Each structure stands twice: as C-alpha cells, then as structure tokens.
Student: 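One structure, pasted below without further comment.
Residue numbers count from 1 along this sequence. As a basis for the values below, the full set of heavy atoms in this structure was taken, side chains included, without hydrogen atoms, waters or symmetry mates. Please read these numbers as outputs of a predicted model, since none were measured by experiment.
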Amino acid sequence: MDRKNKWRTYWLLVLVGLSVLTLLPSVVGRNQTPNWLPDMFNKRVQLGLDLQGGLHIVYSINLDKAVDDKSSEIKRDMEGLLEELNIAGRVTTPTEPVGAVSVVLDDAKDVDQIKNRVQRDYDEIISMRDCPDGAEQAKSVCFRVSSDYAEGIKESALTQAIETVRERIAEAGNSDPSVVAKGDQIIVELPGVDDEEISRVKDLIERTAKLEFKIVDEAEKNDVVRNPFMKRLYGFAKSDPKAKELEITTDIDQWVHNDSGANYLDYFLRAEDRQEKLTHAAADALGACQRIKTDDPDYDPTGRTCNVTGRHVLIQYLKELGENDPSLAVDDDHTYGYELVRPQDAKVEPYWRSYFLYRAVELAGSAVQGASVFWDPTSNKPEVLIEFNRWGGRRFGELTGAHVGQKMAIILDDKINSAPTIQARIAGGSSTISMGGSNAKQMQDEAQDLVNVLLTGSLPAPLQIDSESKVGPLLGGDAIDKAKFAFGLGGILVILIMVFYYRSCGVISIIAVSLNILFMMSLLALFGATLTLPGIAALVLTIGMAVDANIIIYERIREELRAGKSVKGAVDAGFGRGFAAILDGQLTTGIAGYILYLYGSGPIRGFAVMLMIGIVCTLFTATWVTRLMFEHYVGGGKKSPRIAI
C-alpha cells in the first residue's frame, strides 16, 4: 500500500468511527451512552409526527390586544404633541371600541388645531369617530385605529406570532415543529415529546414575554389623599360578605422615600391560590384544568376540581364589583395589576396582591436591547439583567426622574414581577427581573427560558389553548410497518442483483452504499433534523442513485477492459470518465431538491433535506470511497492484478 492510500484509509476509518459515535445515542438511547462521550455526540435522530406521534395543540390569539397596543403608542405620541404645542389637556384610550383614542382639551378653541394635526400625522392609520355625549364633548377629539389598518396589524401580528413560536420551540431543542395558521388560530404539532418536555415547551410558547413598565398610583402621600378610589374599594371589600366568602382580605402598604422622608400609603386586596370544583365550562374557560373525556372513568358530569390562582379570584371579584357598582369600576386612565408575593416567613403562604396602576405603558419590551442571567450576591438567586437600547435608556431615566418616591411596576406577561420604589433617577439604561421560588436549579432554568423568550422577541398578543391532545403516528402502525418492509426488501434486492451481476465489485458497491446510509443518518443526527416518511423515501431514492453511480463506473470499466486496457488502466479510465456523468446527474437532482426545500413546507421540505444530504454522501462514497477500495482490490503489490466485474 502506498503512503497516499494509507492516509486516505486512516481518514476513512476516522470518519466511520465518528459517524458510529454520532448515531450511538439514537441506537442505545442517551442514558445508555458512555460518560466519556462528548456532548457533540449526544444528539439523536428525531422521528417525525408521522412516525412516532406527538403533541397537537390549537392556540387562539387575542389579536385585538395588538390593535390596543397601537392605540397606546398613539396616546404617548399625542401626549408629547400636547406638551410640544403647550396645549393643556389629557389623552385617554377607552376600552371600547378597540383601538380608540380620546383627546380631551381644557380649551375648546384648540380642538380644530389638534384635529387637523391628527388627520395630517395619522391619515392612513386612524378614522375619526363621534365623541361620547357629555360636558366634554365640545372640547374633545375622538378617533380610532382604522378598520383597514387594524386588519393589517392583526395579519402582521399573526405572522409574527407564528415565527416567534417557531423560534421558541427551536430554543427548547425540538427541531421539527409544525406551526401553521388556520384563521385566527395557530396549530402547533410537536413530534415525540414526553410529559416534562411538553410542560416546558408549552410554557415557552405561551409566554407573551411582553415586558411593560407602569407607574403605581398610590392612595396617599404625607397623609394627603392623592387617589381616593383604592381607599373606597378597600373600605367596601373589608366589609363585603362576597369578599369574605372568596377569602379575599384587605391590607395596607406603606413605604418611605429615603432622601425626602416622604411617607406613601397604598391600599390593596389579597387572595391565596386554592382548589375549587368548577363546572366543565368554567374550568375550560379558566384554562388551568386538565380536560377529561366523557368516556373517562374519572369523568364527573357536575364538574372537576381545578387549581385556581388568587390572581384569578381577584380579577373575577373586581370585574363583578365594577359591573354591579359603577362607582367601583376602574376608569379609562387606570387598570389593575397583580403580583405573586412570596413572604420570607415560610409559615406564611404565598399570596396575590392587587395594584392600582396608570394604564399608560411608559416603557415596553421593544426598548430592550439585550438580556442575560446573573446571580445576585445579596440574595444568592438568579436574576435577569435587561439592557435598554439608546432610546429606552433615555426614556427609563426620564421616567424614574419624574416619579421619584413612587413605585414602578415591572410587568411580564400581564403579571407584576416586582414593584420597587424609585429612590432616585436611574440613568444606567438597565434593570433587573428577579426569579421567584426556592429551588435554585428551577430558578436558573426559568431565568434562562426568560432570556430566550426576550431575545427571540415578544409575542404581539397573548395565546390561549383552545384544545390539546396527544396523537399517535399519523400514518398508523400498518403504514409504518409496510414502509420498513419496503425499505428492507429494496435493500436485499439491490444486494442480490449487484453481487450476482458484478460479483466481487458488487460487494464493493454494497459496502459503499452501506457507508452512504451511515454518513447520511449521522449527518441527520448532527444537524438535529427530523426523519419523516418522506425522508425515508428520499433515503430509498438515494440508495438507487448511489447504486446507479457505481453502475456507471462499472460499465465504463467493462468497456475499457474489452478495449484491451490493463486492469489498473481500465479502473482509472472508468472512474475518470464516469465522474462527469455522475456529477451531472447528482447536480441536476440537487437543484430540484433545493427548489423543493426553498418553496416547500412540512413533508416536502423533509424530503428535500434528506435528498440533498444523500447527494453529498453519494458523490463522496461513489467516487472517493469506492475508488479507495478499488485501489486496495487491484493494488496491494500485485504485478498482474485481476478483477471480477
């Protein structure tokens, strides 16, 4: 064996070894692999939903929330405009109709100026509407996000939601999710996930990752009532039999601003999580109860027991309170917020508390530039450090400077993460989000998941599960068994025909095709791609293409031998002249596969990926590997080599 072939043989053996190690977790399972095996060999060949089943979830998306966010953005712009023009007034965003904005001016003579400016700046975005009857009608300008523009926002929000969900599932390590839109719904299919993985992926998907900063409207400052609403609500709930029945209690929050010594006081309601038996309709609406089929032995027609959060109890109570008594209904400029409080005293159960917030979003997640996990040395707990972009940093400084002494609510996915007191203007352009809980590993995972969703982008609107089910293999066991049988039968026939027709050279081609399949499957595992039935079809097609490539070379060798050339000369000519035909055929097929990958989706794309991997492996094994084996076959120091072909 010459030196060149010796090194080529060593490299081939190394490549085969690496391929075997790559496929080892797929054959024996991750738990059975040796501890010394590096992490790069810890990936498995994923099977698609059609081969092993998985999870099928249907989400509905609240697209009106995306329109509402646009109206909040216009509100902030209008407040800036009033300040710029030195015109006194206020801007509100009524809850009805969706996307509504109202500008109420102190002087009616400014109405025409503001109306003209609104129509000039937002001509393609808004449509004017009639202002509500009342004393302020004559000095108000009322408009809403136009129907056409709202539809565009909804369409864009749906597209963005689908892409965001795909990215989040990819972050969770699931390589081949199916995420498609059907009307206003998003259908997600995840192949082969266990219960623990299902819970984690669902949490990642459903997290809106909508980060908002709002100011708390406290009730009193230095014993002066600034906001009588929460004091009135506090007094009512304290003696309300309904609140007592729901185990809702009242409490007072007090804090002092360090520099000025100003005393602040706020009233709030609190409620703990509990288990309740709800009707099936109420449980489905709550979305926190596992659905039970009517034919299940545990099915109770009267309802089922659910975990109900204190937050849900407070939301329902305050909603009914406002509907029954308009004086206890929240106005258009305010909203409620809820925080899960975990007391340091282990004997005190965690509870949810209410906040009375200004409705305006002062700063949103769109101003976030980066996010990372770090450990707070004081609390020894993981926290998420968020960094604002240039505009966000400037706005954060203005916001904290204008509300020194007050509390600022940091809201993530409609839940208040924390509401720290603003002691001084913060100009650093960053903030932190703390993780709740006592399990360090769980808090670390939650922090990393939060960083992932913040970096992949927030959902434009909240998602809610409409239905969820585990599905078996879509093709059915019989179809899968038939596919396996066809693959095995085809392989056996190819082996028999090649050995019968080309004798010992046929054995070489079978070895080359076997290595071809080994390399293809190892690349599939390495890239984290998913094997589906169309992928198996591409694998079978690749076997035919690989055999065809060998046949082209073998027939050329036969022609050269008939022409009287030596064995080595015939082999050299066979590989040299046959390569052009092989390359031409493989490139043509590769172009077709690339087009299928570019414009196809789902099974078509899976077929295209497997086909293109097969083309690369076929070119390598049919020319380089087969040629190396021929060098050993006809070489080896023989003066007059013979060949059986």
Side-chain angles (χ1 to χ4, degrees), residues 65 69 168 203-204 206-218 253 255 266 268-273 309-312 314-315 335-344 349-376 378-388 392 395-396 399-400 403 406-423 426 428-440 442-459 462-463:
K65 183 69 169 62
D69 288 345
R168 291 184 183 180
D203 181 61
L204 275 176
E206 293 164 29
R207 295 190 79 166
T208 316
K210 208 165 189 61
L211 184 63
E212 297 175 329
F213 294 81
K214 294 184 179 182
I215 299 299
V216 176
D217 190 2
E218 69 282 346
D253 185 14
W255 67 94
D266 196 18
F268 65 92
L269 309 185
R270 54 188 281 181
E272 296 179 3
D273 296 347
T309 65
R311 176 176 179 267
H312 178 77
L314 291 173
I315 289 174
T335 187
Y336 293 115
Y338 306 92
E339 178 189 13
L340 178 60
V341 180
R342 294 182 173 88
Q344 293 183 348
E349 292 291 328
Y351 62 88
W352 289 86
R353 62 152 295 178
S354 64
Y355 282 94
F356 194 58
L357 310 173
Y358 287 103
R359 191 174 179 214
V361 178
E362 301 292 352
L363 197 61
S366 57
V368 173
Q369 179 175 271
S372 58
V373 179
F374 78 102
W375 281 81
D376 183 0
T378 305
S379 64
N380 198 29
K381 290 184 177 181
E383 295 189 353
V384 173
L385 174 67
I386 53 176
E387 299 176 2
F388 298 110
R395 176 64 185 139
F396 191 66
L399 179 65
T400 52
H403 297 280
Q406 294 179 260
K407 287 193 172 187
M408 178 175 64
I410 303 174
I411 304 169
L412 183 67
D413 294 343
D414 292 329
K415 300 181 185 73
I416 295 178
N417 179 271
S418 61
T421 302
I422 303 172
Q423 295 293 348
I426 303 172
S430 63
S431 182
T432 60
I433 298 177
S434 57
M435 296 291 108
S438 56
N439 186 305
Q442 184 179 355
M443 287 190 293
Q444 174 76 19
D445 291 343
E446 289 177 357
Q448 189 57 56
D449 285 344
L450 176 56
V451 168
N452 289 340
V453 295
L454 286 174
L455 294 180
T456 54
S458 64
L459 285 170
L463 294 179

Student: Mind checking side-chain contact (heavy atoms from CB on, under 4.5 Å) for E349 and listing every partner two or more places apart, or none if nothing turns up?
Tutor: E272
Student: Side-chain contact, heavy-atom cut-off 4.5 Å: L399 with I422?
Tutor: no
Student: Return yes if a side-chain donor-acceptor contact under 3.5 Å exists between W352 and D273, otherwise no.
Tutor: yes
Student: Which residues pass the salt bridge (Lys or Arg N to Asp or Glu O under 4.0 Å) test with E212, not counting sequence neighbours?
Tutor: none
Student: Quick one, R311 and D414 - any side-chain contact, counting heavy atoms below 4.5 Å?
Tutor: yes
Student: Measuring from L269:CG to F356:CZ, what's the distance to the nearest 0.5 Å?
Tutor: 11.5 Å
Student: Would you please name every residue forming a side chain to side chain donor-acceptor pair (under 3.5 Å) with E218, sequence neighbours left out?
Tutor: R226, Q406
Student: How long is the gap from CD1 on I215 to CG on L363, to the nearest 0.5 Å?
Tutor: 10.0 Å
Student: Nearest 0.5 Å, please: how far is CD in E339 from CD1 in I411?
Tutor: 10.5 Å
Student: Could you walk me through whether I315 and Y336 pass the side-chain contact (heavy atoms from CB on, under 4.5 Å) check?
Tutor: CA-CA 9 Å; I315 289 174; Y336 293 115; over 6 Å; no
Student: Which residues pass the side-chain contact (heavy atoms from CB on, under 4.5 Å) test with T335, sequence neighbours left out?
Tutor: K214, L357, R359
Student: Which heavy atom of P382 sits nearest a heavy atom of V373, and at what distance?
Tutor: CB-CG1, 4.3 Å
Student: For P343 and P350, which heavy atoms make the closest approach, and how far apart are they?
Tutor: CD-CA, 3.9 Å
Student: Which residues pass the ring pair (Phe, Tyr, Trp, His ring centres under 6.0 Å) test with F396, sequence neighbours left out?
Tutor: F213, F388
Student: Checking F374 now: which residues fulfil ring pair (Phe, Tyr, Trp, His ring centres under 6.0 Å) with it, not counting sequence neighbours?
Tutor: none
Student: Kindly state each residue pair satisfying salt bridge (charged side-chain N to carboxylate O under 4.0 Å, His left out) with at least one member in residues 360-369, sequence neighbours excluded.
Tutor: E362-R395
Student: Could you tell me which residues satisfy side chain to side chain donor-acceptor pair (under 3.5 Å) with D253, sequence neighbours excluded, listed by chain and number?
Tutor: R353, K407
Student: Supply the atom-to-atom distance L340 CG to S418 OG, rounded to the nearest 0.5 angstrom.
Tutor: 12.5 Å
